[in-house]
Amino acid sequence: MTVRSASNTGDTEKNERTSYFNLPALDVSIAFPQATPASVFPPCTSDYYIFDDLLTHEEKSLRMKVRDCMEKEVAPIMAEYWEKAEFPFQIIPKLGALRVTGGTIKGYGCPGLSITANAIATAEMARVDASCSTFVLVHSSLGMLTIGLCGSDAQREKYLPSLAQLKTVACWALTEPGYGSDASSLATTATKVKGGWILEGQKRWIGNSTFADVLIIFARNTTTNQINGYIVNKNAPGLTATKIENKIGLRMVQNGDILLKKVFVPDEDRLPGVNSFQDTSKVLAVSRVMVAWQPIGISMGVYDVCHRYLKERKQFGAPLAAFQIVQEKLVRMLGNVQAMLLMGWRLCKLYETGKMTPGQASLAKAWITLKARETVSLGRELLGGNGILSDFLVAKAFCDLEPIYTFEGTYDINSLVTGREITGFASFKPSASSQRSRL
Ligand SMILES: Cc1cc2nc3c(=O)[nH]c(=O)nc-3n(C[C@H](O)[C@H](O)[C@H](O)COP(=O)(O)OP(=O)(O)OC[C@H]3O[C@@H](n4cnc5c(N)ncnc54)[C@H](O)[C@@H]3O)c2cc1C
């Protein structure tokens, strides 16, 4: 991976060098004077149907607070950290000060947001940087929420206040090397011993796990054969987390492979509310709504950058924005964003009135990520060569969307969840006849 370009670092060394043909090398700012990089984030032009009108006063002000922080604190440094595949730890206190972590949880120092407010904060983070949004989502809507919904009062008192201030960080470990979409078959074991449990197994892809203070681990109870949940301390003997290298998306998020070798967890850190795989669905119902809002934010940011870029960049003597084909693509992106926003908003309202079904949440996550894929790919095309540079956001967003298309249930798995709900037929497992024909 390359580091920043000379134009962004202010490094003139490159410009003074002579070229291969012994001609003076071009000054980058002269070679490409016309477009502002995403380190100076553009104004929000993607809210065309004035979605703000559907929000309460509190939701609107949270939206502006998060937007302001992301544009001022994260946009100037994100391309550099993304390229280095490092997490910018210096922004953690700033994200903590937004008072969004803990999301919908009430009490224990958590903000008790409406799900709509939580979703909007998620999207506003993703509009500027999807890695930051994912960091918060894993910490808050998976890690903290599991303690909030499935923990005991004592566990909530002990863990949530410092997690809510981002003084400590959580991660959430369900996926294993051998069980991704088929997570309910997971193989990590929890064996009862005097005073606690021994965990043994492996986890894969776990966001924040290389530095998290608190790890939520799901394991199979060797007595009941059911899935249980455990709060594991980062210093527990036998626990290691190794960073997964070479990701092409969400490069700032530190995803890890976790190894659990006879890790002892005291009885008081077993989550009493997780007694089967179904118990994780209370958490996933909320986190899936949040994940559905990430591609909305990503698409908004990509549209906003394109909107500015196309007016700045000239070809054939006119701004790119003046060409008919360019306008059609920009308008298609804008239409997608409006439809995504309205679907996401309706999903939140269904949740708030207790009507949301798993199929509705899955349809939103699947369809919104599908439309977002189209949107970022149009954006990438519209920026020409600069559409492959992380400096202009679009290439970065294009790559960041790919893991989001896959995590929290892939597009296919979420489609099958909705398919099961609307048809009454579960088609996750190959039928007995198709298995026979392979033999
Ligand atoms: C960046 C990133 C961050 C993540 N963070 C976390 C985390 O914090 N915690 C955590 O627990 N997990 C995390 N995950 C794991 C994520 O949830 C899984 O990657 C996801 O569930 C898919 O599992 P898999 O990668 O093993 O793919 P597989 O399950 O092997 O699927 C491969 C392909 O087969 C398709 N497929 C599988 N089964 C079926 C079926 N029945 N019918 C039709 N098609 C099917 C899938 O749709 C997919 O296209 C993360 C993953 C990524 C990439």
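Every number for a ligand or one of its atoms is a count from 1 in the order of the listing.
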* Structure fact -> For atom 15 (C) of ligand 1, the closest protein heavy atom turns out to be Thr175 OG1, 3.2 Å
* If hydrogens are left out, which of Ile413, Ile244, Asp412 has an atom nearest to atom 40 (C) of ligand 1, that is, the closest non-hydrogen atom? -> Ile413
* To do: Heavy-atom distances under 4.0 Å are what count here, so tell me which part of Leu174 touches ligand 1: side chain, backbone, both or neither.
  => both
* Taking the side chain from Arg308 and the backbone from Thr36, do they hold a donor-acceptor pair closer than 3.5 Å? -> yes
* **Salt-bridge criterion met for Asp47 and Arg63 (N-O under 4.0 Å)** => yes
* Counting distance only, does the side-chain N/O of Gln254 pair as donor-acceptor with the main-chain N or O of Ala85 below 3.5 Å? -> yes
* To do: Measure the distance from atom 9 (N) of ligand 1 to every protein heavy atom, then report the residue, atom name and distance (to 0.1 Å) of the closest one.
  => Trp172 O, 2.9 Å
* Nearest-neighbour protein heavy atom for atom 37 (C) of ligand 1, which is reported as residue plus atom name and distance -> Ser181 OG, 3.6 Å
* Any protein heavy atom lying closer than 4.0 Å to atom 4 (C) of ligand 1? -> yes
* To do: Could you check atom 20 (C) of ligand 1 against the protein and tell me its nearest heavy-atom contact, residue, atom and distance included?
  => Thr406 O, 3.6 Å
* To do: Using a strict 4.0 Å cut-off to heavy atoms of Phe428, name the atoms of ligand 1 that fall inside it.
  => 40 (C), 41 (N)
* To do: Specify the protein heavy atom at minimum distance from atom 42 (N) of ligand 1: its residue, its atom name, and the distance to 0.1 Å.
  => Leu416 CD1, 3.4 Å
* Taking everything shown except Leu342 itself, do over 12 heavy atoms lie less than 6.0 Å from its CG? -> yes
* To do: Measure the acute angle between the ring planes of Phe135 and His139, then classify it against the limits of 30° and 60° as parallel, tilted or perpendicular.
  => parallel
* Asked: Is atom 11 (O) of ligand 1 less than 4.0 angstrom from at least one protein heavy atom?
  -> yes
* Asked: Within 45 degrees of the axis of the six-membered ring of Tyr405 and under 6.0 Å from its centre: does Arg373 put its NZ or CZ there?
  -> yes
* Flag: protein heavy atom within less than 4.0 Å of atom 1 (C) of ligand 1 -> yes
* Salt bridge or not for Asp257 and Lys243, using N-O below 4.0 Å? -> no
* To do: Kindly state if atom 30 (O) of ligand 1 has a protein heavy atom within a strict 4.0 Å cut-off, that is, under 4.0 Å?
  => no
* Proximity of Asn208 to ligand 1 by residue part, where a heavy atom lies under 4.0 Å -> neither
* Any side-chain heavy-atom pair from Phe277 and Gln226 closer than 4.5 angstrom? -> no
* Proximal ligand 1 atoms for Thr410, defined as those under 4.0 Å from one of its heavy atoms -> 22 (C), 46 (C), 47 (O)
* To do: Consider ligand 1: state whether an atom of it lies below 4.0 angstrom from any non-hydrogen atom of Glu408.
  => yes
* Those atoms of ligand 1 less than 4.0 Å from some heavy atom in Ile206 -> 7 (C), 8 (O), 9 (N), 10 (C), 11 (O)
* To do: Please work out which of the three classes, parallel, tilted or perpendicular, describes the rings of Trp172 and Phe218, given edges at 30° and 60°.
  => perpendicular
* Of the backbone atoms (N, CA, C, O) and the side-chain heavy atoms from C-beta on, which set of Asp182 has a member under 4.0 Å from an atom of ligand 1: side chain, backbone, both, or neither? -> neither
* Structure fact -> If we number the atoms of ligand 1 from 1 as shown, the ones under 4.0 Å from a heavy atom of Pro403 are 1 (C)
* Structure fact -> Min over Gly207, Gly409, Gly180 of heavy-atom distance to atom 26 (O) of ligand 1 lands on Gly180
* Determine whether Pro403 and Trp205 make a side-chain contact, defined as any pair of heavy atoms from C-beta on separated by less than 4.5 Å. => no
* Asked: With ring centroids as reference points, do Trp197 and Tyr230 lie under 6.0 angstrom apart?
  -> yes
* Best match, Phe407, Tyr405, Trp205: closest heavy atom to atom 16 (C) of ligand 1 -> Phe407
* Looking only at atom types and distance, does a side-chain atom of Arg220 sit under 3.5 Å from a main-chain N or O of Leu186, one as donor and one as acceptor? -> yes
